[in-house]
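Mind having a look at this structure? Questions to follow.
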Amino acid sequence: MTEVRKAIAEDAAELTRLREYLFAGLDGVYPEPGQWQLDATAFLRKRLPEHNGELAAYVVDTPDQPGRLASCAIGVIDTRLPSPHNARG
(Lines give C-alpha, C1' and ligand atoms only; values in the text may rest on other atoms or scores of the structure.)
Protein backbone atom coordinates (compact mmCIF):
# COMPACT_ATOMS: atom_id res chain seq x y z
CA MET A 1 0.00 0.00 0.00
CA THR A 2 1.17 3.52 -0.79
CA GLU A 3 1.87 5.62 2.28
CA VAL A 4 1.01 9.31 2.31
CA ARG A 5 2.75 11.52 4.83
CA LYS A 6 2.75 15.18 5.76
CA ALA A 7 5.59 17.03 4.05
CA ILE A 8 8.44 18.40 6.13
CA ALA A 9 10.92 21.21 5.47
CA GLU A 10 13.46 18.69 4.15
CA ASP A 11 11.03 17.91 1.28
CA ALA A 12 11.17 21.49 -0.06
CA ALA A 13 13.61 20.89 -2.92
CA GLU A 14 11.72 17.81 -4.07
CA LEU A 15 8.41 19.65 -3.93
CA THR A 16 9.94 22.33 -6.13
CA ARG A 17 11.16 19.65 -8.56
CA LEU A 18 7.64 18.23 -8.82
CA ARG A 19 6.29 21.75 -9.38
CA GLU A 20 8.56 21.97 -12.43
CA TYR A 21 6.67 18.99 -13.87
CA LEU A 22 3.39 20.75 -13.18
CA PHE A 23 4.44 23.77 -15.22
CA ALA A 24 5.79 21.59 -18.03
CA GLY A 25 2.46 19.80 -18.18
CA LEU A 26 0.54 23.05 -18.57
CA ASP A 27 2.07 24.07 -21.89
CA GLY A 28 4.52 21.30 -22.79
CA VAL A 29 7.54 23.50 -22.08
CA TYR A 30 9.85 22.58 -19.23
CA PRO A 31 10.62 25.75 -17.22
CA GLU A 32 14.11 27.19 -17.43
CA PRO A 33 16.19 26.91 -14.28
CA GLY A 34 16.14 30.19 -12.42
CA GLN A 35 15.66 32.14 -9.24
CA TRP A 36 12.05 30.99 -8.97
CA GLN A 37 13.20 27.49 -7.94
CA LEU A 38 15.43 28.86 -5.18
CA ASP A 39 12.63 31.16 -4.01
CA ALA A 40 10.04 28.35 -4.06
CA THR A 41 12.33 26.03 -2.11
CA ALA A 42 13.07 28.75 0.47
CA PHE A 43 9.34 29.54 0.76
CA LEU A 44 8.51 25.89 1.39
CA ARG A 45 11.36 25.36 3.86
CA LYS A 46 10.08 28.31 5.87
CA ARG A 47 6.36 27.59 5.64
CA LEU A 48 6.14 23.80 5.94
CA PRO A 49 7.05 23.73 9.66
CA GLU A 50 4.47 26.43 10.51
CA HIS A 51 1.27 25.30 12.17
CA ASN A 52 -0.99 28.24 11.32
CA GLY A 53 -3.09 26.29 8.84
CA GLU A 54 -2.29 28.45 5.80
CA LEU A 55 -0.15 25.85 3.99
CA ALA A 56 -0.32 22.08 3.98
CA ALA A 57 1.50 19.57 1.82
CA TYR A 58 1.29 15.79 1.65
CA VAL A 59 3.72 13.57 -0.21
CA VAL A 60 4.36 10.03 -1.40
CA ASP A 61 7.96 8.82 -1.38
CA THR A 62 9.37 7.03 -4.42
CA PRO A 63 9.86 3.37 -3.47
CA ASP A 64 13.53 2.31 -3.25
CA GLN A 65 14.73 5.92 -3.79
CA PRO A 66 15.22 7.59 -0.40
CA GLY A 67 14.71 11.35 -0.49
CA ARG A 68 12.87 11.32 -3.84
CA LEU A 69 9.17 12.11 -4.01
CA ALA A 70 6.78 10.40 -6.40
CA SER A 71 3.80 12.66 -5.83
CA CYS A 72 2.50 15.57 -3.80
CA ALA A 73 -0.50 17.72 -3.01
CA ILE A 74 -0.04 21.27 -1.75
CA GLY A 75 -2.72 23.64 -0.54
CA VAL A 76 -2.27 27.32 0.32
CA ILE A 77 -4.88 29.60 1.84
CA ASP A 78 -4.50 33.05 0.35
CA THR A 79 -6.10 35.64 2.61
CA ARG A 80 -6.80 39.02 1.03
CA LEU A 81 -8.23 42.28 2.16
CA PRO A 82 -11.77 43.12 1.06
CA SER A 83 -11.98 45.41 -1.94
CA PRO A 84 -14.66 47.20 -3.94
CA HIS A 85 -14.73 44.26 -6.38
CA ASN A 86 -14.53 41.48 -3.78
CA ALA A 87 -16.16 42.30 -0.45
CA ARG A 88 -14.84 39.10 1.16
CA GLY A 89 -11.24 39.59 0.07
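Quick note: numbers below take in every heavy atom, side chains included, and nothing from hydrogens, waters or symmetry partners. Everything numeric in this text was worked out from a predicted model, so none of it was measured.
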Could you tell me whether R5 and D11 have a side-chain N and a carboxylate O separated by less than 4.0 Å? yes
Taking V76 as the starting point, is it possible to reach F23 by hopping between hydrophobic residues whose side chains are less than 4.5 Å apart? no
Start with the C-alpha distance between D61 and L69, add both sets of side-chain angles, then the distance that settles side-chain contact (heavy atoms from CB on, under 4.5 Å), and finish with yes or no. CA-CA 4 Å; D61 293 302; L69 299 179; 3.4 Å; yes
Taking atom CD of E50 as the centre, report whether more than 12 heavy atoms of other residues, nucleotides or ligands fall under 6.0 Å from it.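 Yes - once you tally the heavy atoms of other residues, nucleotides and ligands closer than 6.0 Å, there are more than 12.
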Smallest heavy-atom separation, T41 atom then A12 atom, equals O-CB, 3.5 Å
Minimal heavy-atom distance between P82 and A87, with the atoms involved, is CB-O, 3.1 Å
With a 6.0 Å cut-off on the ring centroids, do W36 and F43 count as close?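 Distance test on ring centres: not under 6.0 Å, no.
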Same cluster or not: Y21 versus V59, using hydrophobic residues (I, L, V, M, F, W, Y) connected whenever any side-chain heavy atoms lie under 4.5 Å apart?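 Same hydrophobic cluster.
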Do the side chains of E20 and R17 get close enough for a salt bridge, i.e. N-O under 4.0 angstrom? no
Looking only at heavy atoms, what is the nearest atom pair of L48 and A57, with distance?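 Where L48 meets A57 most closely, the heavy atoms are CD2-CB, 3.8 Å.
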T62 side chain to Q65 main-chain N or O, any donor-acceptor pair under 3.5 Å?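 Not confirmed, T62 side chain does not pair with Q65 backbone.
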Is the backbone N or O of R68 less than 3.5 Å from a side-chain atom of E14, with the two atoms forming a donor-acceptor pair by type?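 Pair absent, no side-chain N/O of E14 close to backbone of R68.
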Between R45 and E10, is there a side-chain N and carboxylate O pair less than 4.0 Å apart? no
Heavy-atom closest pair, residues C72 and L18: SG-CD1, 3.8 Å
N/O donor-acceptor pair under 3.5 Å between S71 side chain and V60 backbone: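 A pair under 3.5 Å: no.
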Around atom CD of Q35, are there more than 12 heavy atoms from other residues, nucleotides or ligands closer than 6.0 Å?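 Yes - once you tally the heavy atoms of other residues, nucleotides and ligands closer than 6.0 Å, there are more than 12.
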Rounded to the nearest 0.5 angstrom, the CG-CD1 distance for L44 and I8 is 12.5 Å
